[in-house]
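This report concerns only the one structure given below.
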There are 2 protein chains.
Amino acid sequence: MKVKATSFDIAHKAGVSQSTVSRALRDSPLVNQETRDKIKQIARELNYKVDKNASNLRQQQSKTIALLLFEDPTTDDSLINPFFLTMLGSITRACAQADYDLLISFQNLSDDWHADYEDTNKADGIILLGYGDYQDYRDKLSKLVAQGTHFVRWGAEDEEFPGVSIGCDNFQGGYDVTKHLLEQGCQTLAFVGGADNHAPEFQARYQGFCKALGEPGTHNSQSYQVDAISNEPSGYQAIKTLLSKPVALDAVVCASDLIAIGVIQALDEANIRVPEDIAVVGYDNIPVSSFTSPKLTTVKQDTNLAGKTLVDNLLNLINGENVETRTLPVELIIRQSCQR
Amino acid sequence: MKVKATSFDIAHKAGVSQSTVSRALRDSPLVNQETRDKIKQIARELNYKVDKNASNLRQQQSKTIALLLFEDPTTDDSLINPFFLTMLGSITRACAQADYDLLISFQNLSDDWHADYEDTNKADGIILLGYGDYQDYRDKLSKLVAQGTHFVRWGAEDEEFPGVSIGCDNFQGGYDVTKHLLEQGCQTLAFVGGADNHAPEFQARYQGFCKALGEPGTHNSQSYQVDAISNEPSGYQAIKTLLSKPVALDAVVCASDLIAIGVIQALDEANIRVPEDIAVVGYDNIPVSSFTSPKLTTVKQDTNLAGKTLVDNLLNLINGENVETRTLPVELIIRQSCQR
DNA sequence: CTGAAAGCGCTTACAG
DNA sequence: CTGAAAGCGCTTACAG
C-alpha cells in the first residue's frame with residue numbers, strides 16, 4: 001500500500017522548511033526561483049499532491065460548487081431531460097476553467113434538498129437546476145437566503161422569488177415560435193405544457209404564445225392549452241386528449257422538445273401528417289430534435305453561455321460581489337415540422 | 001454575514017466538553033442518551049453542521065466518489081450520449097444511498113484526466129465512464145493501478161486491461177438482436193459501428209452479430225460492417241455510404257440507439273421504409289427509442305443495476321475487499337422497427 | 001460515561 | 001527570502 005507524501009517529506013528531502021515548500025508549491029514570489037524549481041521537482045518525484053481537506057480547512061473554502069438538480073417528482077427518475085445533460089456539460093466545463101470542482105446531486109421535493117453543502121464546507125456555493133415546480137421550494141430558497149448561502153437558480157425570472165436567477169427569455173421564445181406559425185398561415189393553435197405558475201418557464205412560454213395570438217391580424221385565430229410536463233408520454237397523452245375533442249387544429253406549440261416528440265408520435269398513430277395537416281414546434285433544441293421525422297422546429301437556448309453565466313455569477317456571489325438576475329437571448333431554429 | 005457555529009460553541013452552550021459534542025453528534029453509544037439529545041437539540045438550534053474538511057482531514061477519507069466521463073474526442077462535447085445521463089442518475093442515487101458525494105468531471109484524452117482526485121483526498125475512489133476509445137488510456141489506467149488508486153471502469157470486459165470493470169454483456173446483446181432479425185427472415189445484414197478494439201463495447205456487439213451469422217441455417221445470409229461512432233450524424237453518414245454501394249440490405253444492426261436514429265433518418269430521406277424495406281435495430285434503450293418512428297427495437301442495459309454495481313464495487317475496493325470484473329445481463333426489447 | 005490533549009496536513013501572520 | 005509557530009475544526013486514543 002502506498003503512503004502519501006506530505007509537505008514535510010518534501011521539506012526534508014529539499015533541506016528547507018515545510019513553510020517554504022508550501023509557498024513554493026503555491027508559486028509564491030517570496031520563494032527564490034531556484035528553491036522553487038527544486039521543490040517542485042521533488043514534489044513530482046514523490047508524486048506529491050496537496051491534501052485538499054487540509055488546504056480547504058485552513059483556507060475556509062472548498063473550491064467546489066454543488067449542482068442540485070431538482071426534478072418534477074412525477075417524473076420517472078431515469079428520464080431526466082436531455083436539455084439538462086447539455087447544461088451539465090457546460091457547467092462542468094465552466095467550473096473546470098475556474099479551477100472549481102463540481103459536486104452533483106439529484107434531489108426530490110421531499111428531501112432536505114439544500115443538503116447543507118455550503119454549511120458543511122463541502123461547497124462554496126450552489127447552482128439550482130431544474131424544470132418543474134419550484135413554487136414548492138420557495139420556503140427553502142428563502143431559508144437559503146436567510147442562511148447567507150451563495151446560490152444561483154436556473155430558470156424563469158420571477159420577482160417573487162428569493163435569490164438570483166439566470167434564465168433564457170422564455171417569453172420571447174414562446175412569442176417568436178408562435179409568430180412564425182401565424183405567419184405560415186396557422187389559425188387554430190394549441191399550447192401543450194403546464195401554463196400555471198407551478199412551471200414558471202412553461203408559463204412564460206405560454207404567455208409569449210398568447211401575446212402573439214393577441215396581435216393585430218389574428219382575429220380569425222383560436223387557441224387552446226393542455227397541461228403536460230416535460231416528457232414524451234405526457235405530450236403523447238395531452239395531444240390524445242385534445243384530439244378526442246371537436247377541434248380543428250393546425251398547429252401545436254409544445255413547451256419542450258420532449259413533449260413535441262410525444263405529440264408527433266400520437267399524431268403519427270392517428271394518421272395525421274406533420275407538418276401537412278398539423279405543424280408542431282418544440283422548445284430546447286435537444287440533440288435529437290434534428291433527427292426526428294420530420295425535423296423539429298424549436299427554440300434554442302445557448303447552453304454554453306448559460307452554463308458559463310451561472311458559474312461566473314455564482315463565483316462573483318461567493319466573492320461578495322453584487323450579482324443581478326439575467327435573462328439570456330433565445331434563437332428560433334426553423335426545420336421541417338412547421339413547413340406548410 | 002453569518003458566522004458558522006463550531007462544536008465548541010455547542011459544548012459551551014451545553015456545558016459539556018467538545019469531545020462529548022463530537023461523540024454525541026456521531027451517535028456514539030458512549031454518550032448518555034439525555035446528553036446526546038440535548039446536544040443534538042442545541043446543534044439544531046444553532047444550525048450547526050459538521051465541517052467536512054475538518055472531519056475528512058482527521059479521518060483521512062473524503063466520503064466522496066469522483067466520476068470521470070471520458071468521451072471520444074471526435075464527438076462534439078455538447079452531445080453526450082443520453083445513455084450516460086441515465087447512468088449518471090443511477091450512480092448519483094447509489095452514492096447518495098451509501099452516504100457518499102459525487103464529484104463529476106468530463107475529461108479529454110489530452111488532459112491529465114485521472115486528475116489526482118484520490119491523491120488530493122478529494123475522492124476516495126474513481127468511476128470511469130465512457131464509450132469510445134480507451135485503448136489510449138491503457139497507460140494511464142496502469143498508472144492508476146500502480147499508484148494504488150481505487151477505481152472501477154464501466155465497459156467491456158478485457159483481460160488486457162488493468163483494473164476492475166463492470167459492464168453489460170455486449171456480445172450476448174449483439175447476438176440476441178441479430179438472431180432475432182435472422183428469425184424474422186432477414187438475410188443481408190449490416191452492422192453500423194466501430195468494430196475494432198478501439199471501441200471494445202462496439203466490438204463485442206459486432207462479435208455477437210458475427211456469431212449469429214455464423215450459425216447453421218444462415219448459409220444464404222450476407223453481412224457488412226461500416227464504422228460509426230455513437231451519435232446520429234455518424235450513423236447517418238455511415239448508412240449513406242453503404243447505400244451508395246450495390247448492396248441489397250434488409251436489416252441494419254446499429255451499435256447504439258443514436259446511430260440507429262441517424263440511420264432511420266437517412267433511410268427515410270432515401271424513401272426506404274423501415275421496417276418494411278429494411279429493419280433497423282439499436283442498442284441502449286435510451287428514452288427516446290420508444291418515441292422514434294417506427295419505435296426502435298433495441299437492447300436494454302439495466303442501468304439501475306449497473307450504477308449500483310459500480311458504486312458498490314468501488315466501495316468494496318475502497319474498503320480493501322477483493323472485487324472482480326462483472327458482466328451484467330442484457331434484455332432484448334422488441335418494437336416495430338424490425339417487424340416484417 | 002466524560003474530559004484534556006494530540007494530531008490530521010496544510011497556510012500564513014510574525015519575526016528575522 | 002526563510003523558518004518556527006499558530007491554528008483551521010474536527011475525531012479518537014488515553015486517562016479517569
Side-chain angles (χ1 to χ4, degrees), chain A residues 2-40 42-43 46-64 99 116-124, chain B residues 2-40 42-43 46-64 99 116-124:
Chain A
K2 65 178 166 178
V3 175
K4 276 181 185 128
T6 72
S7 50
F8 282 94
D9 298 329
I10 298 178
H12 183 74
K13 260 210 157 168
V16 297
S17 76
Q18 181 268 343
S19 335
T20 300
V21 171
S22 178
R23 287 195 194 95
L25 294 174
R26 317 188 92 237
D27 275 323
S28 163
L30 288 172
V31 179
N32 179 307
Q33 182 70 49
E34 260 176 65
T35 321
R36 229 191 290 173
D37 291 343
K38 182 171 149 203
I39 288 171
K40 286 190 174 181
I42 294 173
L46 295 180
N47 198 30
Y48 169 80
K49 301 286 153 37
V50 171
D51 183 301
K52 280 293 168 187
N53 289 133
S55 171
N56 291 340
L57 172 59
R58 177 56 226 248
Q59 295 181 89
Q60 289 296 295
Q61 52 153 24
S62 63
K63 281 281 198 177
T64 300
D99 204 22
D116 309 316
Y117 284 110
E118 187 165 343
D119 289 332
T120 57
N121 280 335
K122 284 197 288 199
D124 297 332
Chain B
K2 66 181 164 176
V3 175
K4 274 179 188 132
T6 71
S7 50
F8 282 94
D9 298 328
I10 298 179
H12 183 74
K13 260 211 157 166
V16 295
S17 75
Q18 181 267 342
S19 335
T20 301
V21 170
S22 178
R23 286 193 194 97
L25 294 174
R26 317 189 93 234
D27 274 323
S28 162
L30 287 174
V31 178
N32 181 307
Q33 181 71 48
E34 261 176 65
T35 321
R36 229 191 291 174
D37 291 343
K38 183 171 148 207
I39 288 171
K40 286 190 173 181
I42 294 173
L46 295 180
N47 199 29
Y48 169 81
K49 300 287 152 40
V50 172
D51 184 301
K52 280 293 167 188
N53 289 135
S55 171
N56 291 339
L57 173 59
R58 176 57 227 246
Q59 294 179 90
Q60 289 295 295
Q61 53 153 24
S62 64
K63 281 281 197 176
T64 300
D99 204 23
D116 310 318
Y117 283 110
E118 187 165 343
D119 289 333
T120 57
N121 279 334
K122 284 198 289 199
D124 297 332

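A quick note: this is a predicted structure, and the numbers were derived from the prediction, not measured. Quick note on labels: first sequence line is chain A, next is B, and so on, each numbered from 1.
- Residue A/Gln60 places at least one side-chain N or O under 4.0 Å from the OP1 or OP2 atom of D/dG9.
- A side-chain donor-acceptor contact under 3.5 Å links A/Asn121 and B/Asp51.
- The listed nucleotides are D/dC1, D/dA13, D/dG9; the one nearest the side chain of B/Asp51 is D/dG9.
- Across B/Ile42, B/Leu25, B/Asp9, a single residue satisfies side chain to side chain contact (heavy atoms under 4.5 Å, CB included) together with B/Tyr48, and that is B/Leu25.
- Remark: A/Ser7 is in phosphate contact with C/dC10, judged by side-chain N or O atoms under 4.0 Å from OP1 or OP2.
- The side chain of A/Ser17 contributes no N or O atom lying less than 4.0 Å from OP1 or OP2 of D/dA4.
- Side-chain atoms of A/Thr20 and A/Ser17 form a donor-acceptor pair, as typed in the model, at a separation below 3.5 Å.
- In terms of position on DNA chain C, the residue among B/Leu57 and B/Thr20 whose nearest nucleotide sits closer to the 5' end is B/Thr20.
- In this structure, A/Gln61 places its CD atom 12 Å from C1' of D/dC8, rounding to the nearest Å.
- In this structure, B/Gln59 places its CD atom 13 Å from P of C/dG9, rounding to the nearest Å.
- Note on A/Thr35: a side-chain N or O is less than 4.0 Å away from OP1 or OP2 of D/dT2.
- In the set D/dA4, C/dC10, D/dC10, C/dC10 carries the atom at the smallest distance from any side-chain atom of A/Tyr48.
- Nucleotides C/dG16 and C/dT12 have their C1' atoms positioned 16 Å apart, rounded to a whole Å.
- Comparing A/Gln33 and B/Asn53 against DNA chain D, the residue whose closest nucleotide sits nearer the 5' end is A/Gln33.
- Spacing between atom CG of A/Asp37 and atom P of D/dC1 amounts to 13 Å, rounded to whole angstrom units.
- Between B/Arg26 and D/dC10 there is no side-chain polar atom (N or O) within less than 4.0 angstrom of OP1 or OP2.
- Going from atom CZ of A/Phe8 over to atom P of C/dG7 covers 12 Å, rounded to whole Å.
- Pairing for C/dG3 goes to D/dC14, judged as Watson-Crick or G-U wobble with the two contacts each under 3.5 Å.
- Regarding contacts with the backbone of D/dA5, every side-chain N or O of A/Gln18 stays at 4.0 angstrom or more from both OP1 and OP2.
- Looking at heavy-atom distances under 4.0 Å, B/Ser22 makes contact with a base.
- Rounded to whole Å, the separation between the P atoms of D/dA5 and D/dC1 comes to 24 Å.
- Minimum atom distance to the side chain of A/Thr6 is reached by C/dC10, of the listed D/dC10, D/dG3, C/dC10.
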What's the verdict on salt bridge (Lys or Arg N to Asp or Glu O under 4.0 Å) for A/Lys40 and A/Asp27, showing C-alpha distance, side-chain angles and the deciding distance? CA-CA 10 Å; A/Lys40 286 190 174 181; A/Asp27 275 323; 2.6 Å; yes
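- B/Arg23 has its CZ atom 20 Å from the P atom of D/dG9, to the nearest Å.
- Here the straight-line distance linking atom CG of A/Asn56 with atom CG of B/Asn56 works out to 9.5 Å at 0.5 Å rounding.
- The separation between B/Leu30 atom CG and C/dA4 atom C1' is 16 Å, rounded to whole Å.
- Taking atom NZ of A/Lys52 as the reference point, atom P of D/dG9 lies 19 Å away to the nearest angstrom.
- Close to C/dT2, at under 4.0 Å from its OP1 or OP2, lies no side-chain N or O of B/Ser19.
- The shortest non-hydrogen separation linking A/Thr35 to A/Val16 is CG2-CG1, 4.0 Å.
- Atom CG of A/Asp9 is separated from atom P of C/dC10 by 9 Å (rounded to the nearest Å).
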